[in-house]
Amino acid sequence: MWTLTLRGGARVVVVPAQWRDAFGVVTHGRGQLELRDGELGPVLGRDAGFWLRGTGVRALRNPGRRTARVRIVAPRHPVSQSPNDGGTT
């Protein structure tokens, strides 16, 4: 389990092989799922949970201005994100 921190407006790419069987819960701020076709899912508030398996999600976004935190539970931790995407693990 780890916490993903997203600054306002940041996004983190979801690589299916690295995020396999992951479940997330927004613990602070707001999060949003970006689908493979570029469509945006609903904005998720605090305590909202979501599965990534089989959903076609290509990125997690922070649609707000304030920092968001998402707690991720997965069999293994994904590779660290690049420093320019706004996300930290």
Side-chain angles (χ1 to χ4, degrees):
M1 184 173 353
W2 72 95
T3 300
L4 178 66
T5 301
L6 294 166
R7 293 186 305 250
R11 75 189 277 276
V12 173
V13 174
V14 172
V15 178
Q18 296 171 348
W19 292 70
R20 187 176 153 190
D21 296 331
F23 180 78
V25 176
V26 178
T27 60
H28 182 79
R30 299 182 303 156
Q32 188 172 33
L33 304 177
E34 181 181 318
L35 305 178
R36 274 188 228 146
D37 61 5
E39 290 291 319
L40 298 176
V43 174
L44 305 171
R46 188 170 187 249
D47 296 331
F50 57 91
W51 284 105
L52 291 174
R53 183 178 189 174
T55 60
V57 172
R58 72 176 181 186
L60 295 177
R61 302 178 66 245
N62 177 354
R65 289 188 239 169
R66 296 181 181 200
T67 299
R69 286 187 199 85
V70 180
R71 196 80 165 140
I72 305 291
V73 179
R76 66 190 134 179
H77 191 291
V79 174
S80 295
Q81 303 296 320
S82 73
N84 296 328
D85 65 10
T88 59
T89 55

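As a basis for the values below, the full set of heavy atoms in this structure was taken, side chains included, without hydrogen atoms, waters or symmetry mates. None of these values were measured; they are calculated from a predicted model. For reference, positions follow the sequence shown, starting with 1.
Applying the side-chain contact (heavy atoms from CB on, under 4.5 Å) test between Gln32 and each of Val26, Leu6, Val43 identifies Val43 as the sole match.
Side-chain contact check for Leu60 versus Phe50: some heavy-atom pair is nearer than 4.5 Å. The shortest distance between side-chain heavy atoms of Val70 and Thr3 does not fall below 4.5 Å.
Of all non-hydrogen atoms in Ala59 and Arg11, the two that sit nearest each other are CB-NH2, 3.5 Å.
Note: the hydrophobic cluster containing Leu44 also contains Trp2 (ILVMFWY, side chain heavy atoms under 4.5 Å, direct or indirect links).
Atom CH2 of Trp19 is separated from atom CG of Leu4 by 5.0 Å, given to the nearest 0.5 angstrom. Atoms CG and CG, on Leu33 and Leu52 in that order, are 6.5 Å from each other to the nearest 0.5 Å.
Although no hydrogens or angles enter the test, the distance criterion places no donor-acceptor pair under 3.5 Å between the side chain of Asn62 and the main chain of Ala10. Counting only distance, with no hydrogens or angles, the side chain of Glu34 and the backbone of Leu40 share no donor-acceptor pair below 3.5 Å. Formation of a donor-acceptor pair under 3.5 Å by the Arg58 side chain with backbone atoms of Arg36 is found in this model.
Side-chain polar atoms of Arg71 and Thr27 form no donor-acceptor pair below 3.5 angstrom.
Scanning for side chain to side chain contact (heavy atoms under 4.5 Å, CB included) contacts around Arg46 gives an empty result, with sequence neighbours left out.
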